[in-house]
Amino acid sequence: MVDKKKEQDDRFQLDFDCWEKFWAKQWQEKSLYQGKDFDKKKKKYILVEFPYPSGSGLHIGHTFTMTGADVYARKTRMAGSNVLFPMGWDAFGLPTENYAIRTSRKPQDVSRENTDNFKRQMKKMAFSFDWEREINTTTPNYYRWTQWIFIQLFKMGLAFKEAMPINWCPDCKIGLANEEVVDDRCERCGAQVSRRKLNQWIVKITDYADQLIKGLEKTDFIDKVKAAQVNWIGKSKGARVKFSISDFQSSDKKNYLEVFTTRPDTLWGATFMVISPEHSLIGEILSFDLKTRNKFELSKSRIQEIEDYIERAKRKSDLERADLAKEKTGVFTGLYAINPVNRKKIPIWISDFVLESYGTGAIMAVPAHDERDWQFAKKFDLPIIPVIKPAGNWDFSQKAYTEVDRGRMINSDFIDNFTPDQAIKKIIAFLEKEQIGRKAVNYHLRDWIFSRQHYWGEPIPMIFCAECAQNIKVKTQNWKLKDKEIFEKLKEYATKEGIDINILINNPGWYPVLEEDLPVELPQVEKYEPTDTGESPLANILNWKKTKCPCCGGEAERETDTMPNWAGSDWYYLAYCFANRLKDSKQIKSKSKIKSSQDIFSENKDVLGYWLPVDVYIGGDEHNTLHLLYSRFIYQFLYDLDVVPKQYPEPYYRRISHGVILGDDGQRMSKSRDNVINPDDKWQKYGVDTLRTYLMFMGPFEATMVWNENALKGVERFLIRFSNLIKTQAREDKKRIDNRGSCLVHQLVLKVTKDIDNFSYNTAIAAMMENLNTIFSEKLILKREDLGILIKLLAPFAPYLTEELWCRVLKKPFSVHQQSWPKAQKKYLIVQKNTIIVQINGRLKGKIDMDSSLSMDKDRVILIVKKDLAVKKHLLNQKIKKIVFIPGKLINFVVLKK
RNA sequence: GCCGCGGUGGUGAAAUUGGCAAACACGCAGGUCUCAAAAACCUGUGGUGGUAUCCCCACCUUGUGGGUUCAAAUCCCACCCGCGGCACCA
């Protein structure tokens with residue numbers, strides 16, 4: 001043991017083990033890093049995504065990201081801001097539940113252990129989080145408000161239950177959101193996803209699609225993130241157009257097909273229509289009686305063909321259906337539609353390239369001007385009628401012409417000769433006037449499936465009363481039979497709870513849990529195994545499930561689904577602002593009855609107003625379209641509810657993407673590849689400061705980087721040299737000091753400050769290394785105060801070492817992390833000498849150092865240059881045509897080429 | 001296909017308001033120290049060629065090909081490649 005220690009000392013010369021323990025204790029006792037509500041200093045809310053505390057502990061990626069955030073937070077704090085830099089736990093989730101099932105333990109216990117481990121590691125890494133504000137999404141005091149938000153969504157008509165074909169993972173036994181399915185496989189376990197129809201809570205995020213796009217304007221997200229979100233929402237502008245169906249009326253008296261198109265200008269070119277295999281019209285067709293079948297020439301074999309096609313489409317996976325390379329398939333329905341602009345009869349086909357979930361599930365096909373329609377027309381020999389004349393020659397039998405900004409309309413009646421752009425405006429006006437269509441927009445964004453059939457999540461705080469449901473359904477179906485008593489009761493309830501009665505009618509039997517009864521706590525259970533029936537394990541806990549109807553008082557049942565993982569992280573950045581008040585929300589609850597308006601957000605509007613918005617949000621690209629979009633949506637919703645401050649409609653101002661660290665083989669780290677870097681091993685071997693500084697030196701903060709242990713040793717060398725400099729010069733006899741040292745140090749202050757502000761940590765460290773090299777090679781002696789400045793500049797990166805050097809070597813007062821960030825002093829920034837670059841025809845021929853005042857004067861520079869031996873020879877026998885002079889920088893002689 | 005980002009030594013990279021390409025670090029080579037090794041320190045290190053084995057000089061070099069300019073890694077045009085996201089979205 002002793003030998004090992006000694007060996008380490010000899011080898012590293014950094015006694016990090018000793019200081020880390022010592023200073024960690026000091027910091028803990030003094031709690032240096034608290035953000036102070038309402039402090040007069042400028043506030044800065046610096047947020048890094050909170051982790052899911054998995055069993056394997058903090059991995060190197062977390063360490064990297066959080067170090068980056070911590071450096072920024074530490075520097076900002078030293079520079080005089082009141083910094084809020086909090087941390088918490090996004091602890092609901094499947095891995096914990098699965099682990100708990102495997103080991104027959106409680107998820108609560110497993111989660112607590114993981115959280116403790118993460119926290120220990122973060123403290124070791126010296127992340128300057130404000131631990132007073134720690135939050136955990138799985139504590140009832142926290143998810144009480146996650147549930148409250150859900151209830152508000154319901155009350156505003158943005159949450160409803162509906163039978164939805166969902167992506168079902170047979171391994172996890174859980175319904176997945178579209179976002180959780182990657183290439184037709186479960187994002188988590190990789191199992192092939194199948195489709196199931198289940199009753200699911202749906203949140204209407206699509207209602208906020210426009211607002212979510214528009215809100216981006218106000219933020220300072222990097223382009224990549226903005227683009228990803230806009231792309232994900234996928235807004236298209238166009239028109240909805242009604243095509244009547246020839247000789248047909250559906251059971252609900254509809255005799256038309258409505259389509260969405262972005263190209264209403266090409267309406268005259270529509271030669272057929274296509275509906276999705278899930279379209280409701282198909283059900284009608286298949287249930288035709290014999291007479292009707294004959295009318296539409298629907299022979300037995302044709303009906304069979306349609307049935308087969310639909311059956312095949314059902315079995316196809318989304319991936320197969322989306323395969324662009326495959327040939328178009330389809331089947332004719334026997335029905336015809338009437339093109340509303342030219343009264344032409346066009347056939348209606350079924351094909352799986354039309355998606356039920358986008359637009360109206362039906363399209364008008366314009367094969368001359370749409371690639372897919374063209375392919376379909378070619379396959380089934382349907383007519384291709386051009387309605388735009390391209391600028392040049394175009395062979396429509398070879399390819400569709402899809403441009404909008406060039407060409408002229410033809411074959412199109414009153415819009416002939418217009419450009420497609422102009423034609424779109426004309427035709428929309430026409431459609432609206434004739435009431436056969438209207439301007440419309442569509443989004444790729446789908447509504448958010450909010451139900452999960454698992455134990456370890458927030459219970460959805462809803463109650464279902466079968467009795468009420470039955471009554472409401474009867475009532476709405478047959479208004480005359482309305483039961484006055486039930487209606488009055490419903491009305492009374494609706495008024496008391498502030499819910500629009502129509503919402504209750506649209507969701508028969510569903511009521512939110514009374515807000516004063518929140519949280520709906522997860523019951524302690526024996527078994528967490530998910531069931532194969534599509535029901536949550538909570539469904540088996542009968543005494544928990546059983547409750548009273550908030551409306552009629554009769555027997556009712558709780559919703560047993562839980563919320564998705566994203567729910568808790570939707571508002572966590574708000575929770576940090578009032579984390580201390582979250583802790584005693586139990587007390588608030590017991591305080592008589594709270595009014596429904598007294599939610600925790602409204603109550604804390606002042607403190608939210610102080611801290612919001614998040615100034616810098618650091619996180620991974622994988623959350624750009626999911627977490628970031630969901631949480632912006634929830635914030636916008638709360639904003640519209642008027643429970644958060646009105647000053648700024650977005651939660652986050654700036655978004656920074658962090659990079660990824662690959663294993664030393666250049667591959668993504670994974671256990672199977674055995675290339676995982678464990679931060680614990682590294683700090684034990686090299687110390688926390690070396691690890692932190694290395695992580696920041698590896699490359700640009702947002703880049704993908706490869707782990708290189710040798711480079712880490714290089715950083716270690718730098719820290720050793722740095723501490724040697726401070727140690728030797730702290731005791732140095734200070735007689736030989738000149739200004740050169742101070743000039744270098746103050747220039748470094750400028751550089752490091754700017755670089756940290758731009759998250760350009762690698763160049764900040766490079767500059768410090770360069771500075772150190774210069775000090776050594778020029779054998780400069782630094783003033784004590786300059787040594788102090790160097791320590792402060794390094795402090796955000798290497799907090800332990802710099803504290804040691806500051807307090808114990810320079811003997812300055814504790815703590816370096818509470819010192820003010822150095823400012824570059826003008827008197828040290830005045831440059832005495834300039835290097836003039838001498839070029840001939842733009843090629844470097846020499847450099848001449850001269851007094852900076854001289855270097856600004858063209859004639860004098862020319863004189864000096866012409867005298868300089870090294871340069872002079874290049875100018876002999878040359879005819880100078882022109883001289884380009886940049887004062888203080890460069891002189892370029894343009895000479896005639898021989 | 002669409003959107004976004006990128007392509008610079010042996011490696012990670014720096015330089016992006018046009019003005020010294022390769023800072024800083026790794027690696028490598030040589031040296032000092034040592035019985036030896038490690039560590040540490042010092043020196044060198046883009047390529048090709050030239051009476052180049054010493055300083056020296058010329059030319060070439062930032063994915064490819066053009067262009068603008070006194071001057072281009074940086075600006076413009078065309079193309080190639082890589083990464084990430086979306087994708088039969090009407």
inquiry  = Please encode protein proximity along nucleotides 9-18 of chain B as a string of B, S and -, counting only heavy-atom distances under 4.0 Å.
reply    = ---BSS----
Would you say [X] reaches [N]'s phosphate, i.e. side-chain N/O to OP1/OP2 under 4.0 Å?
X: A/Arg668; N: B/rC83; result: no
X: A/Ser236; N: B/rA90; result: yes
X: A/Asn710; N: B/rG27; result: yes

message = Regarding A/Lys847, tell me which of base, sugar-phosphate or nothing describes its non-hydrogen contacts under 4.0 Å with the strands shown.
response =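 The residue A/Lys847 makes base contact.
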request  = Quick one: label A/Val715 by what it contacts on the DNA or RNA (base, sugar-phosphate, nothing), any heavy atom closer than 4.0 Å.
outcome  =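 No contact.
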Proximity to the side chain of [X] - top-ranked nucleotide from [options]:
X: A/Met769; options: B/rC41, B/rC60, B/rA25; answer: B/rA25
X: A/Arg717; options: B/rC20, B/rA40, B/rC86; answer: B/rA40
X: A/Leu355; options: B/rC3, B/rC26, B/rA90; answer: B/rA90
X: A/Val884; options: B/rC26, B/rC70, B/rA90; answer: B/rC70
X: A/Gln839; options: B/rC20, B/rC24, B/rA90; answer: B/rC20
X: A/Asn231; options: B/rA90, B/rC86, B/rC88; answer: B/rC86
X: A/Phe353; options: B/rC26, B/rC88, B/rC20; answer: B/rC88
X: A/Lys328; options: B/rC70, B/rC24, B/rC88; answer: B/rC88

[N] [atom2] sits how many Å from [X] [atom1], rounded?
X: A/Phe885; N: B/rG19; atom1: CZ; atom2: P; answer: 17 Å
X: A/Ile222; N: B/rG4; atom1: CD1; atom2: C1'; answer: 10 Å
X: A/Lys242; N: B/rA90; atom1: NZ; atom2: P; answer: 22 Å
X: A/Lys845; N: B/rA58; atom1: NZ; atom2: C1'; answer: 8 Å
X: A/Asp373; N: B/rC88; atom1: CG; atom2: P; answer: 15 Å

Could you please name the partner base of [N], counting Watson-Crick and G-U wobble pairs only when both distances are under 3.5 Å?
N: B/rU16; value: none
N: B/rU74; value: none
N: B/rG6; value: B/rC81
N: B/rG1; value: B/rC86
N: B/rC28; value: B/rG44

Atom [atom1], compared across [N] and [M]: separation rounded to whole Å:
N: B/rG63; M: B/rU11; atom1: P; answer: 14 Å
N: B/rC2; M: B/rG19; atom1: C1'; answer: 38 Å
N: B/rU62; M: B/rG47; atom1: C1'; answer: 13 Å

ask   = Is the glycosidic angle of B/rG27 within 90° of 0, making it syn, or outside that range, making it anti?
value =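 Base orientation relative to the sugar is anti.
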key: Polar side-chain contact A/Asn892-B/rC70 base: donor and acceptor under 3.5 Å   =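 By the distance-only test, yes, there is a pair.
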inquiry  = Base of B/rC70, side chain of A/Lys882 - is there a donor-acceptor contact under 3.5 Å?
reply    =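 Counting by modelled atom types and ignoring angles, no donor-acceptor contact under 3.5 Å is found here.
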ask   = Starting at the 5' end of RNA chain B, which residue's closest nucleotide do you reach first, A/Leu712 or A/Asp370?
value =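 Of the two residues, A/Leu712 wins.
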ask   = Hey, do the aromatic rings of A/Phe272 and A/Phe376 have their centres closer than 6.0 Å?
value =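 Under 6.0 Å, so yes.
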ask   = Looking at A/Tyr694 versus A/Trp707, is the centre-to-centre ring distance below 6.0 Å?
value =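 Centroid distance A/Tyr694-A/Trp707: below 6.0 Å, so yes.
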